[in-house]
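The sequence lines fix the lettering, A, B, ..., with proteins before strands; numbering per chain opens at 1. Atom set for the values below is all heavy atoms of this structure, side chains included, hydrogens, waters and symmetry mates excluded.
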Amino acid sequence: MLDIKMIRENPDKFVELLSRRGGDFSYIYDMVEKDKHRREIILQVEKIKAIRNETSKQIGLLKREKKDASEVMKKVENIGSEIKAFEVELKEIDEYIYNTLLMTPNLPDESIPIGTTEEDNVEIKRIGEIPTFDFEPLPHWDLGTNLDILDFERASKISGSRFVVYKGLGARLERALISFMLDLHSIDHNYKEILPPYIVNRDSMVASGQFPKFEEDAFKVLDERELFLNPTAEVPTINLHRSELIPVEDLPIRYTSFTTAFRQEAGSAGRDTRGIIRLHQFNKVELIKFTRPENSNEELQSMLEDSERVLRLLEIPYRVVNLCTGDLGQSMRKTYDIEVWLPASKQYREICSISNAEDYQARRANIKFKRTKDSKPEYVHTLNGSALAVGRTVVAILENFQQEDGTIRIPKVLIPYMKTDIIK
RNA sequence: GGAGGAAUACCCAAGUCCGGCUGAAGGGAUCAGUCUUGAAAACUGACAGGGCGUUUAUAGCGCCGCGGGGGUUCGAAUCCCUCUUCCUCCGCCA
């Protein structure tokens, strides 16, 4: 959420920067007008409340002394309905402003490239050597089906489209990657490991920025409560500290959090229908940080390195891109994507997204810290990144490590987890 | 699923039946001081915060705030409704 106080200082600046994402943000001016009206009402209603409080105190004193208070009471007999009228109007305006702010995305960082689609993202670096094959490399769905480690037909029988069953060494590969990633981040990179609930409430979805804008992409639990399957470990993990004042000596907080993620993929009908690139259910290891504002940028860089390290150790070629304004997620100020090379389709595909939300989520989630005992609370900065999307890592391993006979070599670092060096 | 009980400041806890000097007793912890070579103990003092509005202002002043939301009332920690969470017992269960 953006800060209404800052918006009213300089609405032009906000409209200009938001417009870089694409779309019409002129409603910001209406909101600023409403905000002005809101403060006028507050001024009036609080004046009346002050009178009421003073008068009620007098009545109390008179009654205690067994004196007649009826004359004083007569003065304020209608004050309740007067206040009520203002409060009804105030509530309406408050809701309008709050809902408008909830729908308004974060300001893109001024440093990031301006653009409309992923075509405008700027490549920062390429790492690793793209493998060459003296045969035609197969897509992962063929490799997986041939080896009987991925079963799409039975998954659709059990659940429907966009699900998969991992079998045998395929299942073990998924599990090996989860353990490898969690070990790397928690032991080598000094993140605290978190295993959160997979079902979250509405407040959590709002706080991290998924709701209200992207509600159609969430799986709702049919239940009298409002609960949702978590779409990314970012949601429960950011919400670990919702409405908390974090002791300053605890910052930065670094978490690595594993969950299965569930998404409707509402806007993606027809895209990536084959294979396990885009499923309703997938596993992901996530990195989440809470930092002081002045440190969030360097923490973003180190988070990128931590995610890259997974791919370096797995010996998978990748590139890093700086997302343009049009491709940026709603909560984020700046995002790096890591894309892995997929030889069958001869393209880079997103496997990881590393972002700095700065104070946007912290304001929604009300997460603060105090520099000293006497200083005013400030919002922390929040960062999150995948490290990595496990299913897509399986894709990258299957495709990059395939051999002519259809078997798959296992990257060296995974052999202790896999107890084998080949899937055949 | 059934039957009860509870939620008050950093922690414990009084107040809630019978609404008004309760912007919330008391204790602990913490911080500062006295004493001491230093510390402990004892004693003295401080200790509700956060949000909002006004404002040059982390000054003042006002509004809100006793789990969340709503209601009754001139006035609610206290009465009513509702939700959430926690605890005890019974049942069920991995």
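- For the pair A:Leu245 and A:Arg225, both in contact range of RNA chain B, the more 5′-proximal nearest nucleotide belongs to A:Leu245.
- In summary, the aromatic rings of A:Phe211 and A:Phe228 are positioned with their centroids under 6.0 Å apart.
- Distance noted for atom C1' between B:C81 and B:U22: 25 Å (whole Å).
- For the C1' atoms, the distance linking B:G15 with B:U54 amounts to 35 Å, nearest Å.
- Looking at heavy-atom distances under 4.0 Å, A:Arg371 makes no contact with the nucleic acid at all.
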When every nucleotide of nucleotides 68-78 of chain B is labelled 5' to 3' by its protein contacts under 4.0 Å (heavy atoms), B for base, S for sugar-phosphate only, - for none, what sequence of letters results? ---S--BS---
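- Going from the P atom of B:A32 to that of B:A39 covers 11 Å, rounded to whole Å.
- Nearest nucleotide to the A:Lys368 side chain, out of B:C63, B:G53, B:G50: B:G50.
- No side-chain N or O of A:Thr100 forms a donor-acceptor pair with one of A:Lys34 less than 3.5 Å apart.
- Separation of the A:Tyr255 and A:His241 ring centroids falls under the 6.0 Å cut-off.
- Residue side chain A:Glu46 reaches the base of B:G62 through a donor-acceptor N/O pair under 3.5 Å, judged by distance alone.
- Between A:His189 and A:Tyr191, the ring planes are perpendicular. Angles over 60° get that label, and only those under 30° would be called parallel.
- Among the protein residues, A:Arg8 comes within range of the sugar-phosphate backbone only, with heavy atoms under 4.0 Å from sugar or phosphate atoms but none that close to a base.
- What separates CD of A:Glu378 from C1' of B:U58 is a distance of 11 Å, to the nearest Å.
- What separates CG of A:Asn366 from C1' of B:C52 is a distance of 14 Å, to the nearest Å.
- Environment of CD in A:Glu118: sparse, with no more than 12 heavy atoms of neighbouring residues, nucleotides or ligands closer than 6.0 Å.
- In secondary-structure terms, RNA chain B builds stems of at least 3 consecutive Watson-Crick or G-U pairs, each pair having both distances under 3.5 Å, at B:1-7 with B:84-90, B:10-12 with B:26-28, B:30-34 with B:42-46, B:50-54 with B:60-64, B:67-71 with B:79-83.
- OP1 or OP2 of B:U54 sits under 4.0 Å from a side-chain N or O of A:Arg39.
- On the P atoms, B:C35 is 15 Å away from B:U44, given to the nearest whole Å.
- The pair A:Asp109-A:Arg333 meets the salt-bridge criterion, since a charged nitrogen lies less than 4.0 angstrom from a carboxylate oxygen.
- Residues A:Asn53 and A:Ser56 have side chains that never bring a donor and an acceptor to within less than 3.5 angstrom of each other.
- B:U78 and B:A14 have their C1' atoms separated by 13 Å, given to the nearest Å.
- One finds no salt bridge joining A:Glu315 and A:Lys412 here, because no Lys/Arg side-chain nitrogen approaches an Asp/Glu carboxylate oxygen to under 4.0 Å.
- With rounding to whole Å, A:Asp3 atom CG is found 12 Å from B:G51 atom P.
- Counting to the nearest Å, the P atom of B:G51 and the CG atom of A:Leu90 are 19 Å from each other.
- One can place CG of A:Asp35 at 14 Å from C1' of B:U54, the figure rounded to the nearest angstrom.
- For B:C89 and B:C31, the C1' atoms lie 45 Å apart once the distance is rounded to whole Å.
- A side-chain donor from one of A:Thr382 and A:Gln361 sits under 3.5 Å from a side-chain acceptor of the other.
- Taking atom P on both B:C66 and B:C21, the two are 16 Å apart, rounded to the nearest angstrom.
- Nucleotides B:C92 and B:U85 are separated by 25 Å at their P atoms, to the nearest Å.
- For the 3.5 Å distance criterion, the side chains of A:Tyr417 and A:Arg175 fail to qualify, holding no donor opposite an acceptor.
- Atom CD1 in A:Ile246 sits about 17 Å away from atom C1' in B:C10, given to the nearest Å.
- In the displayed structure, A:Arg154 atom CZ is contacted under 6.0 Å by at most 12 heavy atoms of other residues, nucleotides or ligands.
- In this entry the distance linking NZ of A:Lys370 with C1' of B:C10 reads 11 Å, nearest Å.
- Whole-Å rounding puts the A:Gln44 CD to B:G62 C1' distance at 15 Å.
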